[in-house]
Amino acid sequence: MIEVHCDGALHEFSEGTKAGEVFRNLYGKKNKAIAALVNGEQKDLSFELKKNCEIGIITEDSDEGLYILRHSCAHLLAQAVTQLFPDAKPTIGPPIEHGFYYDFEMKPINEDDLRRIEKLMKKLVKQNITIQREEYNNETLRKMFEDNPFKIEIMNEKIGHDVGSSAYRQGDFIDLCKGPHVRNTSKLRWFKLTSTSQAFWRADSSREALVRIYGMCYSSKEELQARETLLREASKRDHRKLGKELQLFHIDEMVGQGLVLWTPRGSIVRNELQKFISEHLNLQGYQQVHTPHIGKLDLYRTSGHFPYYQDSQYPPIIGRNTLRKLSDENCSCADLSNLMSKGELEGYMLKPMNCPHHIRIYTSQPRSYRDLPLRLAEFGTVYRWEQSGEISGMTRVRGFTQDDAHLFITEDQIQQELLGCIELVKIIFDNLGMQNYRVRIGLRDLNSDKYVGNAKQWDKAEEACRKAAEILGVKFSEEQGEAAFYGPKIDFIVNDVLGREWQLGTVQVDYNLPERFDLTYAGSDGEKHRPVIIHRAPFGSMERFCGVLIEHFGGMFPTWLSPTQVHILTISEKHIDYANQIADRLAKEEIRLELDTGDDTIGKKLRTHRSMRPAYIMILGDEEQNNETVSFLNPDRKQTNGLLMDDFISKIKLEIKSRK
RNA sequence: GCCACCGUAGCUUAGCCCGGUUGAGCGGCUGACUUGUAAUCAGCAGGCCGAGGGUUCAAAUCCCUCCGGUGGCUCCA
């Protein structure tokens, strides 16, 4: 007999009892065990208990259990794929949030193939195939997988997960794996293959291109359906769809990929946000500046942006005289291209960053310590050549306006100024009800020598980032190697409706540019000193921020941001005069409104105007006209009847002013 | 940039597999109706089917190239 600790109690079982039998014994036949935790290690239910141990149940609906289920589902996928495509070589197939994926070296497949694979998986589930753990020594394992170079590489380097010395067999399929797994394919009922894509072996674009197949997988039909419903609901909030429906922005193929046209309604949202941010900039002692969209190549040679980021910039704009001169010298296209990539040309560049311009404002005057901190802010539009496959709606574009600022400060001011930067983000996120964000502090990778500045400065700046976040009580994670080469940074990352992460704001300490531009200030000692720069764009870009905001509000903006705050609908022709009077009153109060005196039925008008999601929808008929009142649907779409106009105006104005 | 899929009227889409002069709903315009809470009725206009090339007697449909979009991958100062 052996002693088995479980759930705080001691039990006795005969030696060799399987983990699954223990659970059946203790929790009954209907326990949801999917695996066991034996002395802290995940094991199959078929694991035989040989010694005294502590054991815990892993149920199929726990996080750990779901990951095991999904991992097994990935194996099921590989079983189906290798059956349908005997040449396909499985590589790795981990569980992920909501499901799993598996990468294969094989010819690309299409959607029909995906459905065929899914069908076969369902068939394999019905066949109740046992999933069996088999243990081998290292040599035998290598022999077994000798025709799969990926598995060999995994064994050589233990990539991804600890491969151990085991394999799992289900029918004809066997996969190198540490486990644990479910005991039978019949456990894997609630999955769906979702998409395919190309992925590179070991995420390295110079390595083999693999076919990745994604699926989702849950422990019950309800959860799977709930996830599908959620995805459907989320897609209704997609800013690309809402942006079109609500006429907020337009991206035109004739203008160019990733170049956002802000339409009148979208511009209102953007302008209101900029006003809001500007008020806080003033409170925090920023000074606003404006700089042009282009600058000389030399400026970016000095800053280092050219040619360091050349591949992600629009190519230089070459001056007429330069071109003429080159042409006279019989310069070929190849020569020109060569000169361009070396930057040995005089010309201009669309600015990829605002900092060089701001820095030249700094250097336009001699500066003393009394001028610092000098905080220069600009809603500055920058252009970057993003890869075509990356461009998406408003969240990934080629031209965007940063809510940018550069703080020129002394080293001693780093802590205090970082604090102000984070505070600004917090104020605005809180106001907009955006609580679903995380803060990441990017630290340097101590094993890398790519960083500028000395260790002492870095330590101090990293500590200042940490402290600033702590003081404001925001939750943050520290990630090594996420710093920029010129200094540590604090990033604000939000999720969109589909759960994708977007980096919005960033606050970065920079030791590099002050050096490159030889920035100085006169200290109280009369000596020259080097300032430090903090770059900060708390919302990243107006494009991305508005995109995320559209999804956050599902298109239903708070009154102060709403492109049209009140839509006025008349019941019949008789009420047009009254509606005009009301509209005039509201217009005088600078309320943004739309008036519909058309001859549709009120039902039709409501339907039409609801879809545009204005804050208020006012309905005017006999009732209101005779009593000189207004009736309206509130933002929550509950109705208020017979309110005096003065009362409505003070209500909505208060709402707008307080930005609630 | 890479892989898969997609592109028909302002919007949503049928037709494409299996080639034979594009069909609808919404929206727009005109008229009738004058309406009290999520689609009143009728009529009209609107498409060289993303662009270019090829195959064919004949291409929205089959093939190629490009442009644009979607989902991923890689990248993101």
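Because only heavy atoms are used, hydrogens play no part in the values below, and waters and symmetry mates are left out as well, while side chains stay in. Not measured: the values here are computed from a predicted model. Letters A, B, ... are given to chains in the order of the sequence lines, protein chains preceding strands, and every chain is numbered from 1.
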When the nearest nucleotide of RNA chain B is assigned to A:R384 and to A:R610 on a heavy-atom basis, which residue is associated with the more 5' position?
-> A:R610
Between A:M353 and A:Q387, name the one whose nearest nucleotide on RNA chain B is closer to the 5' end.
->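 Its nearest nucleotide being more 5', the pick is A:Q387.
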Any side-chain donor-acceptor pair under 3.5 Å between [X] and [Y]?
X	Y	answer
A:T564	A:R265	yes
A:Y383	A:H293	yes
A:W201	A:E153	yes
A:T640	A:N634	yes

If the [atom1] atom of [N] is compared with that of [M], how far apart are they to the nearest Å?
N	M	atom1	result
B:C66	B:C2	P	9 Å
B:G23	B:A9	C1'	12 Å
B:G46	B:G1	P	39 Å
B:U22	B:G50	P	14 Å
B:A24	B:G68	P	33 Å
B:G19	B:U56	P	16 Å
B:U12	B:G27	C1'	11 Å
B:C75	B:G20	P	47 Å

Residue [X], side-chain heavy atoms: nucleotide from [options] that is nearest:
X	options	value
A:P108	B:C3, B:G69, B:G36	B:C3
A:F200	B:G1, B:U35, B:U37	B:G1
A:L633	B:U37, B:A38, B:G72	B:U37
A:Q198	B:U37, B:C2, B:G36	B:C2
A:T601	B:G36, B:G72, B:U35	B:U35

Just checking [X]: base, sugar-phosphate only, or nothing, at a heavy-atom cut-off of under 4.0 Å?
X	result
A:E624	base
A:D204	nothing
A:R212	sugar-phosphate
A:D599	base
A:A209	nothing
A:F485	nothing
A:G389	base
A:Q313	base
A:I617	nothing
A:Y101	nothing
A:I602	sugar-phosphate
A:I109	sugar-phosphate

Between [X] ([atom1]) and [N] ([atom2]), how many Å, whole number?
X	N	atom1	atom2	value
A:R544	B:C76	CZ	P	13 Å
A:K107	B:A4	NZ	C1'	16 Å
A:Y578	B:G36	OH	C1'	15 Å
A:K489	B:C76	NZ	P	9 Å
A:I534	B:A77	CD1	P	18 Å
A:Q503	B:C76	CD	P	11 Å
A:E118	B:A4	CD	P	20 Å
A:Y616	B:U37	OH	C1'	18 Å

With a 4.0 Å limit, can you tell me whether [X] has a side-chain N or O closer than that to the phosphate oxygens OP1/OP2 of [N]?
X	N	answer
A:K604	B:G27	yes
A:Y214	B:C73	yes
A:R240	B:G71	yes
A:T196	B:C3	no

Do the side chain of [X] and the base of [N] come within less than 3.5 angstrom through a donor-acceptor pair of N or O atoms?
X	N	value
A:R396	B:C75	yes
A:E573	B:U35	no
A:S195	B:A4	no

Should [N] form a Watson-Crick or G-U wobble pair with both distances under 3.5 Å, which nucleotide is its partner?
N	answer
B:G36	none
B:U12	B:A24
B:C62	B:G54
B:G68	B:C6
B:C73	B:G1
B:G31	B:C41
B:C49	none

Partner of A:H535 by side chain to side chain donor-acceptor pair (under 3.5 Å), out of A:H358, A:H406, A:K489 |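 Single pass found, and it is A:H406.
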Residue among A:K605, A:H609, A:R610 satisfying side chain to side chain donor-acceptor pair (under 3.5 Å) with A:H567 =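 Passing option: A:H609.
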A:F85 side chain reached by A:D113 side chain, heavy atoms, under 4.5 Å | yes
Verdict with supporting geometry, A:Y486 and A:Q508, side chain to side chain donor-acceptor pair (under 3.5 Å) = CA-CA 9 Å; A:Y486 48 73; A:Q508 311 183 349; 2.4 Å; yes
Does A:F553 have A:R237 sitting over its ring (NZ/CZ under 6.0 Å from centre, angle to axis within 45°)?
-> no
Would you verify whether the NZ or CZ of A:R212 falls within 45 degrees of the ring axis of A:Y101 while also being under 6.0 Å from that six-membered ring's centre?
->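 Yes.
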Determine whether the aromatic ring centres of A:F191 and A:Y218 lie less than 6.0 Å apart.
->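 Aromatic pair excluded; centres sit 6.0 Å or further apart.
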Given the side-chain rings of A:F306 and A:Y308, with only the six-membered ring counted for Trp, is the space between their centroids under 6.0 Å?
-> no
Please work out which residues in residues 242-257 of chain A have a non-hydrogen atom less than 4.0 Å from an atom of RNA chain B and list them by number.
->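 RNA chain B contact set from residues 242-257 of chain A: A:K244, A:E253, A:Q257.
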